[in-house]
There are 2 protein chains.
Amino acid sequence: MAWNLDNDRPIYAQIVERIQLQIVSGIYKPGDKLPSVRELAAVAGVNPNTMQKAFGELERSGLIITQRTSGRIVTENEHMITEIKKELAKEHVERFLEKMRELGFEKKEIMALLESDK
Amino acid sequence: MAWNLDNDRPIYAQIVERIQLQIVSGIYKPGDKLPSVRELAAVAGVNPNTMQKAFGELERSGLIITQRTSGRIVTENEHMITEIKKELAKEHVERFLEKMRELGFEKKEIMALLESDK
DNA sequence: ATTACTGTATCAATCACTTAATACAATAAT
DNA sequence: ATTATTGTATTAAGTGATTGATACAGTAAT
């Protein structure tokens, strides 16, 4: 899997999004052990501090849990995971509609564009 | 009008988007004269150099035209404006669908979410 | 006890962006 | 002609975020 990190956004933020996505989409399952900071940093080709910062964010949101010396696991609170998934979807929907309306598109036109896109 | 500039993205980039939006959505019309660098910088509360940089971007994309000593105007090429508008819309649509699919949503579900959002 | 693995903390270096202070060139207005 | 207003260019400094290097602390395994 490619990490696809670009330079126009903070790397740690891109990592946060990536791991978050892997959790809510079920690639990482509740209770799964995550690779260590150093290991994942090596895989991604970033500095351990950067990975540490990303993990810190994920921890604050509650998606992952730190066990001081044995590593980190994905939360077993499945409800929280589905809530976050719904929340992310909602944000995307609202941001998208907002942007399209700014451009001057009506709801009907927006739906038509979406249909035609595939 | 509030400029609504935040700190987590380059200011010049936000200004570019803002003016671009004002052009494609018809707030600034083809041939309209734009405020001077210094004037707009003062209004927005940014350094003239920052505004200059934003204008430079808009110029490169062709949306605005510089008249060396009399100021800048919006391009009178209406076709270009509508093309850019379509291009922006397309980008939003594709980015949105991509993000939703990453989250695990099918086309049908996406459309349903959009309908329910209002 | 020693080793090897965790996460964590600290400090410095780097980088992009912004701001700042000026200066210059061209033209419209007077 | 003079003045004011355009856009443009240059150089320096400041600022904040990110990254990098390294050391520290705790615990499981042996």
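More than 12 heavy-atom neighbours from other residues, nucleotides or ligands sit within 6.0 angstrom of NZ on A/K33. Counting non-hydrogen atoms of other residues, nucleotides and ligands closer than 6.0 Å to CD of B/E78 gives a total of 12 or fewer.
For B/R68, the listed nucleotide lying nearest its side chain is D/dG7; candidates were C/dT6, D/dG20, D/dG7. In the set D/dG20, D/dT6, C/dG7, the nucleotide with an atom closest to the side chain of A/R72 is C/dG7. The side chain of A/E39 lies closest to C/dT6 when the candidates are D/dT8, D/dT6, C/dT6. Which of D/dT6, C/dA9, D/dT27 sits closest to the side chain of A/T69 comes down to D/dT27. Among the nucleotides D/dT19, C/dA9, D/dG7, the one closest to any side-chain atom of A/N47 is D/dT19. Checking D/dA21, C/dT19, C/dC17 against the side-chain heavy atoms of B/N49 singles out C/dT19 as nearest. Of the listed nucleotides (C/dA28, C/dT6, C/dT8), C/dA28 has the atom at the smallest distance from the side chain of B/S70.
Heavy atoms of A/F55 sit nowhere under 4.0 angstrom from any nucleic acid atom. Using a 4.0 Å heavy-atom criterion, one finds that A/Q67 contacts no nucleic acid atom at all.
Put simply, CG on A/L63 and CD1 on A/I19 are 10.0 Å apart, with the number rounded to the nearest 0.5 Å. For the atom pair A/L5 CG and A/T50 OG1, the distance stands at 10.0 Å (nearest 0.5 Å). Between the NZ atom in A/K29 and the CD atom in A/Q22 there is a gap of 11.5 Å [rounded to 0.5 Å].
The side chain of A/K53 places no N or O atom within less than 4.0 Å of a non-bridging phosphate oxygen (OP1 or OP2) of D/dT19. Phosphate contact (OP1/OP2 of D/dT19, side-chain N/O of A/Y12, threshold under 4.0 Å): absent. The phosphate of D/dG7 (OP1 or OP2) has no side-chain N or O of B/T66 nearer than 4.0 angstrom.
Atom CG in B/N7 sits about 10 Å away from atom P in D/dG16, given to the nearest Å. D/dT18 atom C1' lies 14 Å from atom CE of A/M51, rounded to whole Å. Nucleotide D/dT6 holds its P atom 7 Å from the CZ atom of B/R38, rounded to whole Å. Rounded to an integer number of Å, the gap from B/I73 CD1 to C/dA28 P is 14 Å. Between the CD1 atom of B/I64 and the P atom of D/dT6 there is a distance of 15 Å, given to the nearest Å. A/D8 places its CG atom 12 Å from the P atom of D/dT19, with the value rounded to the nearest Å. In this structure, CZ of A/R9 is placed 17 Å from C1' of D/dT19, rounded to the nearest angstrom. Between the CD atom of A/Q52 and the C1' atom of C/dT8 there is a distance of 6 Å, given to the nearest Å.
Between A/I11 and B/P35, the one whose closest nucleotide on DNA chain D sits nearer the 5' end is B/P35.
For the pair A/K99 and B/F96, the cation does not sit on the ring face, since its NZ or CZ is not both under 6.0 Å from the ring centre and inside 45° of the axis.
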